[in-house]
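Some notes on the structure that comes next.
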There are 2 protein chains.
Amino acid sequence: MTRTTIADVAKAAGVSVSTVSRALRGLDRVNPETRQRVEAEANRLHFSFSKSASSLASGKTMRVAVLLPSEISSWFNSHAFEGAYEVLSAEGYDVIPYILWSQKELDRFFQNLPGNRNVDAIIVASFDFDEAKKQVLGELTIPVVGMNTPSAHGLDAGAAIDDIAAMGVIVRFLKSLGHTTLAYVGQPINASPFICSDAVRENGFLQAAEACGYGNDDIIVIPSLRNMDVRNEQDIYSGIVAQLLSAPKQPTGICVSVDAAAAPLLKELRRMGWRVPQDMSVVGFDDDPSASIVDLTTMHQNPTEIGRVAARKTLALLAGETLEEPFSIMPTSLVLRGTTERIG
Amino acid sequence: MTRTTIADVAKAAGVSVSTVSRALRGLDRVNPETRQRVEAEANRLHFSFSKSASSLASGKTMRVAVLLPSEISSWFNSHAFEGAYEVLSAEGYDVIPYILWSQKELDRFFQNLPGNRNVDAIIVASFDFDEAKKQVLGELTIPVVGMNTPSAHGLDAGAAIDDIAAMGVIVRFLKSLGHTTLAYVGQPINASPFICSDAVRENGFLQAAEACGYGNDDIIVIPSLRNMDVRNEQDIYSGIVAQLLSAPKQPTGICVSVDAAAAPLLKELRRMGWRVPQDMSVVGFDDDPSASIVDLTTMHQNPTEIGRVAARKTLALLAGETLEEPFSIMPTSLVLRGTTERIG
DNA sequence: ATGAAAGCGCTAACAG
DNA sequence: CTGTTAGCGCTTTCAT
């Protein structure tokens with residue numbers, strides 16, 4: 001399996017390198033017979049193009065970067081990545097994840113990628129950037145597309161759900177069930193310094209609650225614990241339950257910002273003797289596999305599809321097209337399961 | 001953000017390209033002052049290397065491919081990938097997933113990658129290859145490392161759990177609990193034509209059962225349904241439960257090949273009126289998040305660590321080192337939770 | 001329809 | 001310590 005180059009194929013087929021190049025890439029202006037011969041030789045010699053050489057010569061890298069905050073193993077990230085991969089790989093692109101755990105790595109990424117065309121496009125998942133970064137992104141000549149990024153600034157396109165509207169649906173649903181006191185529980189364990197759909201959702205909760213006539217005393221917000229010392233999960237959730245139960249007005253309708261936090265919270269709530277849904281309704285967000293396991297009422301979203309749509313926009317942009325609708329709002333829907341019930 | 005090349009930096013710093021190259025790559029034989037000046041200019045001009053040019057010139061791509069069967073969003077795959085990413089990216093490598101859903105894509109991968117150094121190494125997750133592929137892999141001059149691949153043939157190194165031994169532990173545990181009739185439930189929904197830890201585990205179950213003195217009538221195996229028509233999940237699992245309950249000798253100890261299948265199975269079992277663990281013990285495999293949610297006794301493994309170890313071996317191989325222990329057995333441990341109980 | 005030639009941006013000896 | 005000289009393997013005009 002010694003490395004064979006296009007020159008080897010050319011020699012074997014008795015043609016020039018450029019002919020081989022054209023033939024193998026399916027360009028026109030090459031005699032069918034010649035093409036056949038070339039293809040046969042290429043095959044025989046196990047030839048394949050060197051991506052580096054191709055991209056150096058052509059200026060196209062056939063690679064797109066996908067920026068992920070914190071981890072690729074989370075439900076959202078892995079599915080969004082997969083959706084993007086699915087459509088991009090079909091067009092021959094390599095899709096390279098860049099997992100950015102910290103600000104430092106973000107900086108490193110920004111320092112290396114932009115300048116010299118190392119990728120043809122960038123897809124960004126979930127996180128928001130500071131103004132300086134947005135600036136840089138905006139100046140980039142390659143397409144930058146978002147997947148559930150909270151802001152469009154600096155991006156050429158994007159696909160995202162409407163967190164604000166979705167939280168509105170949840171709040172109104174809870175109100176319709178007769179809950180007069182509501183709580184919002186932020187993602188308890190959140191290592192990433194970037195993700196902020198959490199903040200957006202909290203905002204949506206607050207707005208909707210106000211619009212629905214809930215007073216300041218009728219709502220309680222338990223924020224994300226970003227910089228806390230490491231404790232075991234159990235402690236974290238019982239702490240949250242403690243806050244919930246010790247509120248002046250005990251909430252009966254709980255919005256949890258992500259399903260992943262809902263399962264342990266439910267368990268803790270029940271351990272403390274509360275009955276869900278009889279005493280308390282709980283609504284999650286995502287509809288990940290854990291939601292169906294614990295029979296959680298939750299806001300459904302489809303990250304795979306978000307990834308696909310983002311990738312399609314990327315492809316269009318790469319093809320030089322102008323998007324009629326650069327930023328798409330992806331659908332979301334409330335799935336009613338067993339953790340919510342009419343109160344009273 | 002116009003593309004600046006190493007030549008621009010050289011001109012700006014008043015030195016030659018090769019000096020810039022040396023300076024920026026941290027090689028010795030460059031005057032500290034010169035280096036400073038070069039770095040300053042590079043910074044000012046937002047210079048960064050073109051990977052394509054570097055790899056074309058140096059022969060190193062600084063990229064490693066990770067072959068994944070079916071999906072990157074599964075618990076095992078996403079974590080194994082992440083582990084590999086973690087150690088590889090720290091050394092400056094891009095790590096590129098290749099998700100192979102079908103034989104066709106596997107073929108395409110084999111056709112494109114091997115010949116011309118497009119990656120420096122390949123890491124393969126979970127799946128086994130046919131002899132022809134192993135042959136090709138073996139002939140490859142770049143390192144090929146496995147993560148939980150059932151066979152070592154064609155690989156230069158690997159990190160994997162011992163499925164056979166782990167199943168032995170499960171079977172003996174169930175026996176110790178007094179279960180006289182056992183069942184093995186294969187992964188019910190399995191689109192991939194490659195994964196086969198399933199088959200290996202089934203094998204391990206059979207071997208251990210025999211070794212423990214279980215007769216042919218004392219065990220029942222419900223195989224993976226690979227090529228079945230699409231049905232809803234519910235139906236699939238109730239079908240399994242039906243098989244379990246209609247067996248001549250009804251099993252009381254159930255081994256499920258993956259946790260992901262255990263949660264729905266448990267639900268279905270209970271829906272049919274069976275009490276777990278009182279009437280039946282259920283043991284899973286993986287210890288993924290669903291296991292702790294449903295309080296499942298299961299065999300724990302750490303895919304992230306498997307990915308890390310595989311990546312470290314890859315790095316060592318890339319550095320030309322000879323591994324003292326090319327193939328490592330990764331630890332596994334039975335986690336006792338609430339779905340198992342002494343029978344009778 | 002095909003070939004020749006000039007790079008793409010960088011690394012790697014080899015001189016100096 | 002630094003510059004010169006060749007390529008790496010391919011694409012791309014431009015001729016023919």
State the CE-CZ distance between Met330(A) and Arg308(A), to the nearest 0.5 angstrom.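 If I round to the nearest 0.5 Å, the distance is 9.0 Å.
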Result for 5'-nearest mapping on DNA chain C, choosing between Val15(A) and Ala57(A), is Val15(A)
Do the side-chain N or O atoms of [X] get closer than 4.0 angstrom to the phosphate oxygens (OP1, OP2) of [N]?
X: Ser21(A); N: dT11(D); answer: yes
X: Ser50(B); N: dC10(C); answer: no
X: Arg35(A); N: dT2(C); answer: no
X: Ser16(B); N: dG3(D); answer: yes

Rounded distance (Å) that lies between atom [atom2] of [N] and atom [atom1] of [X]:
X: Gln36(B); N: dC1(D); atom1: CD; atom2: C1'; answer: 16 Å
X: Asn118(B); N: dC8(D); atom1: CG; atom2: P; answer: 17 Å
X: Lys60(B); N: dG9(C); atom1: NZ; atom2: P; answer: 23 Å
X: Leu56(A); N: dA6(C); atom1: CG; atom2: P; answer: 17 Å
X: Asp8(A); N: dC8(D); atom1: CG; atom2: P; answer: 11 Å
X: Phe47(B); N: dC10(C); atom1: CZ; atom2: P; answer: 4 Å
X: Arg29(B); N: dC14(C); atom1: CZ; atom2: C1'; answer: 12 Å
X: Leu27(A); N: dT2(C); atom1: CG; atom2: C1'; answer: 13 Å

Go through the side-chain N and O atoms of Arg25(B) and Ser21(B) and say whether any donor and acceptor fall under 3.5 Å apart. yes
Could you check whether the side chain of Arg22(B) and the base of dG3(D) have a donor-acceptor pair of N or O atoms closer than 3.5 Å, going by distance alone?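 A donor-acceptor contact between them is present.
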Ignoring hydrogens and angles, are the base of dT4(D) and the side chain of Ser18(B) linked by a donor-acceptor pair under 3.5 Å? yes
NZ/NE/NH1/NH2 to OD/OE distance under 4.0 Å, [X] and [Y]:
X: Glu131(B); Y: Lys134(B); answer: yes
X: Lys51(B); Y: Asp94(B); answer: yes
X: Asp120(A); Y: Lys60(A); answer: yes

Nucleotide nearest Ala53(A) (side chain, heavy atoms from C-beta), chosen from dT2(D), dT2(C), dC10(D): dC10(D)
